[in-house]
There are 2 protein chains.
Amino acid sequence: MKIDPNSSADLSAQIASAIRDAIVGGKLIVDERLPSEAELAEQFEVSRSTVREALKRLAAQSLIRTQRGAFGGAFVNRLSYEDAYRGHITTSTLLLGMNHVSFDTACEARFALERACAGLSAERRDADHLATMRAEIVRQAQPGLSDEAFCASDVAFHRALVDGADNPVMSYQLAGAVEAMQPLMNMITFTARNREEIVRLHELIADAAEARNGAAVSTALTELEGYTKTLAQSVFDARAKGQSDSAGTER
Amino acid sequence: MKIDPNSSADLSAQIASAIRDAIVGGKLIVDERLPSEAELAEQFEVSRSTVREALKRLAAQSLIRTQRGAFGGAFVNRLSYEDAYRGHITTSTLLLGMNHVSFDTACEARFALERACAGLSAERRDADHLATMRAEIVRQAQPGLSDEAFCASDVAFHRALVDGADNPVMSYQLAGAVEAMQPLMNMITFTARNREEIVRLHELIADAAEARNGAAVSTALTELEGYTKTLAQSVFDARAKGQSDSAGTER
DNA sequence: AATTTTCATTTGTCTGACATTTAAATGTCT
DNA sequence: AGACATTTAAATGTCAGACAAATGAAAATT
C-alpha cells in the first residue's frame, strides 16, 4: 500500500481509498485487524491524525469498526443488511430530494420494481407477511390518522409485500425505491376519499397475495401506480394554480 | 444542534449524525456553507480534530465537499447520480461478497429486477442503447476474450438494457443488482459453448428490444436466468466434487 | 483456584503550531 | 479608469505531542 504525497487529493482520502480497495479486493478479510493507528501512520508516512481521518471515512461506510483498549483497533466489518439498508435509504432519499426527480419518474421506478417482487412474494409469503399487510390496512382505515402516519403505514405495507419474496437481495435493493418515496408522498394531503381508494387497492393486493396469485398482485400494483400518479398530479395542479393566483394578486 | 458528551458513542460520530440529520431533514440546503471548523468546534464544545473527523465521515458519504482557502469551507453537496452509483455498487458488492449470499438468490433478484425494466426499455430505448447492446454482443463473440472481459461486457450489455428504460431512478437502483453480480459471475469459467448460448440469448434480447417487444425481452431474460443458474450449478458441483476428491487423497 | 491488581496497548480527545490554498482587498502602473 | 501585480486574511490540510479512557492479558494476592 503506497500513496502519492504529491497528488492533489487529501492524504486521508488517498489512504482511505487504499484501505477500501484492499477490503473490497479481498486482501483484508472480515474481522481482520488493521495495524494500529500509530503503525499505519508509520507505514503511510503521515501523522496519526491523518490516519484517523482516513479511518473515520471508512467507518462512515461501515467498512470498519473500532474498539478501544489493548488488543483493540480497527477491524474489517462484516457489512450487515441492516447497515446497508440504512445507508441505501438515506442515499436514495437524498438523491430524490436533491435532484428534482419528478414524482412520476420515482413512482414509475418504485412500482416497476415492486411488480418484480409480485410473483415471488405471492408464491413465498408466509402468514406473518400477510398479517402485517392486513394490520397496516386496518391502521390506514382509521379516521384520525395523520398524513405522515398514513404514509409510514403505506411504506410498512409495501415492505411486507417485498419481504414476502424472501430474497434479502431484493429487499435490500427495493428498500431504496420504496422508502425514499415517503418524503415525496408526504407532500400529498390525502382526503378521506383518497385513503378509501388506496385501502381498497391494498386490500386487493393482500387478497391476491393470500390467494398466491402473483398476476393479480401485479395488476393491483399497476392500478395503484396509476391512482397515485393522478392523485399527485391533481395535488400539484392545485398547488400550481394557487401559486399563480397569489402571484397575480401580489404584483 | 446539541450533543451528549456522556453518550457512549464517539463525539465525532454524534456530530456527524447531527449534521447529517440537518442535511437530510432539509435544514441545510444544497451548496449552503457550514460554519468553519473552528466555529463548529466552538458550537459543539469540542476540539477542531473532533469536528474534522465528523466532517470526514460526511465527506465519505458525499454529503459535503470541502474547499480550501479564504471563503472556502464545507458545503452541502448535491448528491450526483454518479456518486450515488459508485457508492451503491461498492456497498452491494461487499454485501454480496461478505454475507455468503447464494448465487441463486442474487441471480434471482438481478433478473427479476431487470425484467421490471424490460417493458419500459423496449418502449423507450433509443438507437444508442441498441447500438451498445449490439456492440457488446460482438465483443462477447470474440474468441480470445478473457472470462473477466466477457463478464464486464455482459454487465455493459445489461446496463444498456436497463438504461434504455430512461428512468434514472431505476438505473440507479438496478446498478447495485447488476454490477454486484460481476464478482460472482467471475467465479465461473465460460466454455466456448457456454458463451455461444449466452450470446444467442443476448441476441434474442436485442432483437426483442429492437422490435420494441417488451414481453419478448422479459421471456428472453427468464431464459437467460435459467441458463445462468444451471451453468453456475454445474460449476459449483464440479468444484465440490474436486474438493471432496482432493480431500480424500490428502488425508 | 478464584479473585483482584497491575500494566501495556490502543483508541478518543485536546492543544497548539505551521503549511497551503484561495479569493478578496489593496496597491501600482499605464 | 482599467488592467495587472501584490498583499493579506481566512480557511482547510497536516503535524507533533500530550493526556484520558477503555480493555484485555498477565501478574499478584487471597
Side-chain angles (χ1 to χ4, degrees), chain A residues 1-20 23 28 30-78, chain B residues 1-20 23 28 31-77:
Chain A
M1 289 200 257
K2 258 297 160 69
I3 54 171
D4 171 20
N6 300 324
S7 161
S8 64
D10 292 356
L11 292 177
S12 72
Q14 290 181 58
I15 293 170
S17 216
I19 300 178
R20 178 164 37 240
I23 294 175
L28 293 169
V30 168
D31 291 335
E32 185 170 341
R33 183 180 176 281
L34 271 61
S36 74
E37 295 175 354
E39 286 171 312
L40 286 172
E42 211 175 348
Q43 280 183 32
F44 286 112
E45 297 178 352
V46 296
S47 73
R48 199 183 141 213
S49 334
T50 303
V51 167
R52 279 184 64 78
E53 288 175 9
L55 293 180
K56 292 311 158 206
R57 294 178 118 106
L58 300 175
Q61 299 176 300
S62 301
L63 292 183
I64 60 168
R65 62 177 185 279
T66 54
Q67 219 174 1
R68 275 159 68 141
F71 299 80
F75 297 84
V76 177
N77 200 23
R78 155 160 281 129
Chain B
M1 286 200 256
K2 258 294 161 70
I3 53 171
D4 172 19
N6 300 324
S7 162
S8 64
D10 292 355
L11 291 178
S12 72
Q14 289 181 60
I15 293 169
S17 215
I19 300 178
R20 178 164 37 239
I23 295 176
L28 293 169
D31 291 336
E32 186 172 340
R33 183 181 176 283
L34 272 63
S36 72
E37 295 174 353
E39 286 171 312
L40 286 172
E42 213 175 346
Q43 279 184 31
F44 286 111
E45 298 178 352
V46 297
S47 72
R48 201 183 138 214
S49 340
T50 304
V51 168
R52 279 184 64 77
E53 287 175 10
L55 293 181
K56 294 308 159 206
R57 294 178 118 107
L58 300 176
Q61 297 175 302
S62 301
L63 291 183
I64 60 169
R65 61 177 186 280
T66 52
Q67 222 173 2
R68 278 161 65 141
F71 298 79
F75 297 83
V76 178
N77 199 24

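We name chains A, B, ... by the order of the sequence lines, and we start the count at 1 in each one.
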5' priority, DNA chain C, between Ala70(A) and Thr66(A) [closest heavy atom]: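 Going by which nucleotide is closer to the 5' end, it is Ala70(A).
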[N], OP1 or OP2 - any side-chain N/O from [X] closer than 4.0 Å?
X        : N       : value
Arg52(A) : dT11(C) : no
Thr50(A) : dG13(D) : no
Arg33(B) : dA11(D) : yes
Arg48(B) : dT12(D) : no

Could you check which of [options] has an atom nearest any side-chain atom of [X]?
X        : options                   : value
Phe71(A) : dT12(D), dG24(D), dT10(C) : dG24(D)
Glu53(A) : dT14(D), dC15(D), dG12(C) : dT14(D)
Ser47(B) : dG12(C), dT14(D), dT13(C) : dT13(C)

Between [N] ([atom2]) and [X] ([atom1]): distance, integer Å:
X        : N       : atom1 : atom2 : result
Gln67(A) : dT23(D) : CD    : C1'   : 8 Å
Arg65(B) : dT12(D) : CZ    : C1'   : 15 Å
Phe75(B) : dA11(D) : CZ    : P     : 10 Å
Glu37(B) : dT15(C) : CD    : C1'   : 15 Å
Asp10(A) : dA19(C) : CG    : C1'   : 14 Å
Ile15(B) : dG12(C) : CD1   : C1'   : 12 Å
Arg57(B) : dT13(C) : CZ    : P     : 9 Å
Leu55(B) : dT14(D) : CG    : C1'   : 16 Å

Under 4.0 Å, heavy atoms only, any strand: does Ser49(B) hit a base, just the sugar-phosphate, or nothing?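 Base, at least one base heavy atom under 4.0 Å.
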Work out which heavy atom in Ser12(A) is nearest to a heavy atom in Ala54(A); give both atom names and the distance. O-CB, 3.3 Å
Shortest non-hydrogen pair, Ala60(A) vs Gln61(B), comes out as O-NE2, 3.6 Å
What's the spacing between Arg57(B) CZ and Leu58(A) CG if we round to 0.5 Å? 10.5 Å
Roughly how far apart are Glu39(A) CD and Arg48(A) CZ, rounded to 0.5 Å?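 CZ of Arg48(A) is found 12.0 Å from CD of Glu39(A).
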side-chain contact (heavy atoms from CB on, under 4.5 Å) partner of Val76(B), the single match among Ile19(B), Leu34(B), Leu63(B), Asp31(B): Leu34(B)
